[in-house]
2 protein chains.
Amino acid sequence: MSVGERESTHGDRDHVQSLERGIAVLLAFDEEHPEPTLAELSRITGFSRPAVRRFLITLERMGYVRGHDGRWSLTPRVLSIGQHYTASHALIEVSQPHLLRLAEETHESASLATLDGDDAVYVARVPVRRIMSINVSVGTRVPAYATSMGRVLLAWAPTPVVDSVLHRRPLRAITPSTVTDPSALRAELARVREQGWAVVAEELEAGLLSASAPVRDRSGQVVAALASSTSVGRSSRGELQRRVVPLLLETAARITAEFGGRA
Amino acid sequence: MSVGERESTHGDRDHVQSLERGIAVLLAFDEEHPEPTLAELSRITGFSRPAVRRFLITLERMGYVRGHDGRWSLTPRVLSIGQHYTASHALIEVSQPHLLRLAEETHESASLATLDGDDAVYVARVPVRRIMSINVSVGTRVPAYATSMGRVLLAWAPTPVVDSVLHRRPLRAITPSTVTDPSALRAELARVREQGWAVVAEELEAGLLSASAPVRDRSGQVVAALASSTSVGRSSRGELQRRVVPLLLETAARITAEFGGRA
DNA sequence: GTCAGTGTGTACGCACAGCGTACACCTCGA
DNA sequence: TCGAGGTGTACGCTGTGCGTACACACTGAC
C-alpha cells in the first residue's frame with residue numbers, strides 16, 4: 001500500500017480501464033473529427049493503434065460505429081444510449097405534452113432542465129424559434145449561475161451543492177450583464193426562492209431572455225426547472241413577468257401534480 | 001485453430017469484453033429498472049456482482065451514473081454521448097432551422113431521419129403536437145418499411161440494403177393497412193423513387209399520416225429523409241399531397257443545397 | 001431471539017484479456 | 001525510389017479484470 005492519500009471514494013482496483021478507454025474512443029468523434037481515421041483516433045485518445053482498433057471493432061459489433069474505407073463514423077444508434085436516460089426518468093415523459101402546450105400558448109421555446117454538476121442540462125425541449133447562437137438540444141449544457149433554469153435549480157438545491165457551484169472556480173462574466181459575485185448570486189437565489197420563479201436577462205447571451213419555475217417530486221423536492229426563452233426583440237423582462245411567469249407556474253404545477261401522482 | 005467457420009469480419013481476439021459489458025450495464029437502466037440496485041443489475045446483465053460494481057464505479061467516476069443509498073441511476077450526462085453523434089453530422093445542425101420553418105409553415109411536427117439497420121431513426125425533430133401514442137424523440141426508431149421516412153430512405157438505398165430489410169424476417173402487419181408483401185413494397189419503392197416523395201397512411205399506427213422527401217449530400221446520394229406528420233383528423237392523404245409535399249420538397253432541396261455546399 | 005432472504009463491500013489468487021512492440025503491407029506524392 | 005501517410009496482425013508479457021468466498025447490515029416471519 002502506498003502512503004498516498006485516498007482521494008476518491010473507491011480504490012483504483014475497482015476501475016475498469018477498458019470501459020473508460022472504450023467510451024473515450026466513442027467520445028473522440030466530434031465536430032472537429034466527424035470521420036476520423038484509426039491513426040487519428042489513436043492520436044486523439046493517446047492509446048496505441050491496436051488498442052483503438054480493438055475498441056472500434058467492439059463498438060462496430062455493437063452497432064455504434066461504422067468503418068468505411070479507412071474512415072470511421074458514429075451511427076445513429078449512439079442516440080439510443082441517451083434514450084435510456086429519458087426512459088428511466090418518468091418526469092421527462094410526463095412533461096412532454098405540457099411543454100408542447102406551453103410552447104403553443106407562448107409561441108416560444110419551452111424547456112425542461114436538470115442540474116448536473118455546475119450546469120443545467122436540457123432534458124426535454126420544444127423549440128419554436130432559434131434563440132441562441134448555439135443550437136440547443138436535449139443534452140445541451142449551460143452554466144447554472146447564468147441562466148434562469150440554473151438559478152431555479154440552485155435556489156432549492158442543498159447548501160453544499162450551491163457552495164460548490166459558486167465557489168469552486170471564479171465565475172466568468174459571459175456577457176457584460178452576467179452576475180458573477182457569489183454573494184450577489186446568493187441574494188438572487190434567495191429572491192428566487194421567495195418569489196417562486198426566476199427571470200434572467202442577457203446574462204448568458206446578448207439579447208436572450210428567459211423565465212423559469214421549479215418542478216417538484218412528490219416529496220416536494222425541486223427536481224427540474226421549466227423554462228420559456230425569448231429574445232429582447234420579441235419581449236421584455238416586464239412582459240415575461242406579466243404574461244409568461246403565470247403560465248410557467250401553472251404548467252410547472254400541473255407537471256408536479258401529475259409526476260407526484262405517478263411517482 | 002478451430003474448424004468452425006469465421007462468421008464475422010474480425011477475430012474474437014479483437015473483442016474488448018469489458019467495454020461491451022460496461023455498456024451493457026449502462027443500458028440495463030430503462031423504464032422497468034430506473035433505479036436498480038447492484039444485485040438487480042447483476043441479475044439483469046448476468047455478470048457477477050463484483051464485476052457490475054466495478055463497472056458502476058467506473059461509470060460513476062465518469063459522471064454517467066450516480067449511487068444513492070443502495071440505488072443507482074443515470075445522470076443527464078448520458079445525454080451528452082448522443083451529442084457526439086449530432087455534432088459529428090453537419091447535416092443535422094444544418095437542418096435544424098429548416099425543420100423549424102417547416103413546422104411553422106405546416107403547423108405540424110417536422111422530422112429528419114436516417115436509416116440504421118431495418119429502422120428509420122429520428123435524428124432531428126421539431127414536435128408541434130403529440131401525434132403518436134409513443135413519445136417520439138431524437139433517437140426513436142421506427143420500422144423503415146411502414147413509414148414514409150423509411151420508404152424514402154429505402155427507395156434510394158443500395159439493393160443489398162433493401163433486400164436485407166425486406167427479406168431478413170417476415171414483415172409484420174403493424175396495423176390492418178400495413179403493406180407487408182415484399183413485392184408490393186418494392187413496387188411502392190419504385191413509385192416513390194419515380195415521384196420523388198412518399199406518403200404513408202395509417203401503416204404504423206391508426207390515424208397517423210405522414211409525408212416524406214429525400215435529402216441528399218453533394219454527391220447526390222440520399223442521406224436522410226425529411227418528414228411531416230399529422231393525423232387523419234386534421235388532414236387527409238390528398239391534402240398532404242397537395243399542400244405539404246411541395247413544402248417538403250422545397251425544404252429538402254434547401255437543406256440539400258446548404259449541406260452539399262458546406263460538406 | 002433466530003433464521004432466511006434481502007442487500008452491501010472487499011480480499012485474493014488465477015487466467016486470460018488486453019496491452020504495446022514489432023513487422024509486413026499498401027498507396028500516394030515528391 | 002524513397003518517405004510519409006495509412007492499414008492489419010502476430011506475439012509474448014503484464015496486470016487487468018475475473019469470480020469465488022467471506023464478512024457484515026438490515027428486514028420481516030415465525
- Any idea which of C/dT8, D/dG6, D/dG19 is nearest the B/A39 side chain? C/dT8
- Message: Is the shortest side-chain heavy-atom distance between A/H84 and B/V78 below 4.5 Å?
- Response: no
- Query: Tell me, do B/R151 and B/L185 make a side-chain contact under 4.5 Å, heavy atoms counted?
  - Reply: yes
In whole Å, what is the span from the [atom1] atom of [X] to the [atom2] atom of [N]?
X: A/I57; N: D/dG8; atom1: CD1; atom2: C1'; value: 9 Å
X: B/F55; N: D/dT16; atom1: CZ; atom2: P; value: 15 Å
X: A/E40; N: D/dG5; atom1: CD; atom2: P; value: 13 Å
X: B/L56; N: C/dG7; atom1: CG; atom2: P; value: 14 Å
X: A/L19; N: C/dC19; atom1: CG; atom2: P; value: 12 Å
X: B/R54; N: C/dT10; atom1: CZ; atom2: C1'; value: 11 Å
X: A/D14; N: D/dC18; atom1: CG; atom2: P; value: 11 Å
X: A/D69; N: C/dC28; atom1: CG; atom2: P; value: 12 Å

- Item | Separation of B/M149 CE from B/L115 CG (nearest 0.5 Å) | 10.5 Å
Counting only side-chain N and O atoms of [X], is one of them less than 4.0 Å from OP1 or OP2 of [N]?
X: A/S18; N: D/dG17; result: yes
X: B/R49; N: D/dG19; result: no
X: B/R43; N: C/dG7; result: yes
X: A/R53; N: D/dG8; result: yes
X: B/T37; N: C/dT6; result: no

- Sub-3.5 Å donor-acceptor pair from the side chain of A/R141 to the main-chain atoms of A/D116, do we have one?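 Yes, the answer is positive, given that a donor and an acceptor are paired below the 3.5 Å cut-off.
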- Could B/R61 and A/D14 be called an ion pair, given the rule that one side-chain N must be under 4.0 Å from one carboxylate O?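 Between A/D14 and B/R61 there is no salt bridge, as every charged N stays at least 4.0 Å from the carboxylate O atoms.
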- Message: Categorize B/R21 for me: base, sugar-phosphate, or nothing, with a 4.0 angstrom heavy-atom threshold over every strand shown.
- Response: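 Answer is sugar-phosphate: B/R21 comes under 4.0 Å of backbone atoms only.
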- Between A/L38 and A/Q17, just flag the one whose closest nucleotide in DNA chain D comes earlier from the 5' side. A/L38
